[in-house]
Amino acid sequence: MNLLNTSSSYGLVAILLHWAVAFLVITLIPLGLWMTGLDYYHPWYRQGPDLHRGLGVLVAGLLIGRLLWRAVNIQPDHVATARPWERPLARLTHWLMYSIISLLVVSGYMISTADGRPVSVFGWFEVPAVGPGFDNQEDLAGDVHYVLAMVLIGFICLHAAAALKHHVVDGDATLRRMLVPGKYTSTKNE
Ligand code: HEM
């Protein structure tokens, strides 16, 4: 089983990092929306944000790992059936998604540390607050965090729709090679 990427396929490490970040992001969005609507007496009033912050810091670590892994590995070429206009669009979408997720982490950290308190990650360790912050930091960072999460939902839908279109309409290996490491020849219906 390939751990490393090749010019036509993803290795196991890249696949696991992709799905771990995807799973966490898709969990964090509904968790964030749900927990902000809880009233003070709800049993999850504190646990919800604690879980959200811990998972958010985990995303930050995985994202850094993913970008480093990407930097030291070959990136597989687009499948041979990808249209010329799809290639730059896919690349742009992927970089925008990395940027939005990074900014979500930074704004989430700024909301959480606006009062000078560190972020506790499941009680395992703390990410210290850097300060002093600025006036209204919690509210401003909260607005940015919310808008970025909504924009990210749009990108996730676009990204998933493109993957499904490659699988169902084009019948190529775009989705399969992000699910199972192996040999792909990048041609139609291989
Ligand atoms: C990919 C990563 C993340 C995603 C997708 C995400 C998503 C969300 C969403 C959808 C909300 C609800 C926004 C609202 O209704 O106002 C939220 C709220 C929140 N998030 Fe995140 N988040 C992420 C990372 C983080 C991180 C790393 C932290 C802190 C270290 C964090 C801290 C918070 C806090 C404190 C709130 C509550 C804001 C408020 O009460 O207005 N988030 N997040």
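Counting starts at 1 for both ligands and their atoms, in listed order.
Note on ligand 1: S112 sits in its first shell, one or more heavy atoms being nearer than 4.0 Å. The shortest separation from a heavy atom of G56 to ligand 1 is under 4.0 Å, placing the residue in contact. For the ligand labelled ligand 1, residue M35 lies inside the 4.0 Å heavy-atom shell.
Comment: R117 does not engage E126 in a salt bridge, judged by the lack of any side-chain N to carboxylate O separation of less than 4.0 angstrom. At a threshold of 4.0 Å, the pair D172-K165 does not count as salt-bridged, since none of the basic side-chain nitrogens sits closer than that to a carboxylate oxygen.
Between H52 and ligand 1, at least one pair of N/O atoms sits closer than 3.5 Å.
With hydrogens left out, the protein atom closest to atom 13 (C) of ligand 1 is Y146 CD1, 3.7 Å, a heavy atom. Scanning all protein heavy atoms for the shortest distance to atom 2 (C) of ligand 1 gives L28 CD1, 3.7 Å. Of all protein heavy atoms, the one closest to atom 9 (C) of ligand 1 is G32 CA, 3.8 Å.
Residue-environment remark: CD (E138) stays at or below the threshold of 12 foreign heavy atoms within 6.0 Å. For M150, the CE atom is densely surrounded, since the number of other residues' heavy atoms within 6.0 Å is greater than 12.
Close approach of ligand 1 to I101 (heavy-atom distance below 4.0 Å) involves ligand atoms 1 (C). Ligand-side atoms of ligand 1 in range of Y109: 29 (C), 30 (C), range being under 4.0 angstrom from any heavy atom. The atoms of ligand 1 that sit less than 4.0 Å from any heavy atom of I29 are 5 (C), 10 (C). Of all the atoms in ligand 1, the ones that sit under 4.0 Å from a non-hydrogen atom of A149 are 10 (C).
Side-chain atoms of T6 and S9 include a donor-acceptor pair closer than 3.5 Å.
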Checking D170 against R83 for the salt bridge (charged side-chain N to carboxylate O under 4.0 Å, His left out) test, could you report, in this order, the C-alpha distance in whole Å, the side-chain angles of both residues, the deciding distance, and whether it holds? CA-CA 10 Å; D170 302 333; R83 325 277 187 288; 3.3 Å; yes
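No donor-acceptor pair closer than 3.5 Å links the side chain of Q75 to the backbone N or O of R70. Using a distance-only test at 3.5 Å, with no hydrogens or angles considered, a donor-acceptor pair links the side chain of N5 to the main chain of I74.
For atom 43 (N) of ligand 1, the choice among H145, M110, R53 with the nearest heavy atom turns out to be H145. Counting only non-hydrogen atoms, the option in T36, V147, V21 that gets closest to atom 40 (O) of ligand 1 is T36.
The aromatic rings of H159 and H18 are tilted relative to each other, their planes meeting at an angle between 30° and 60°.
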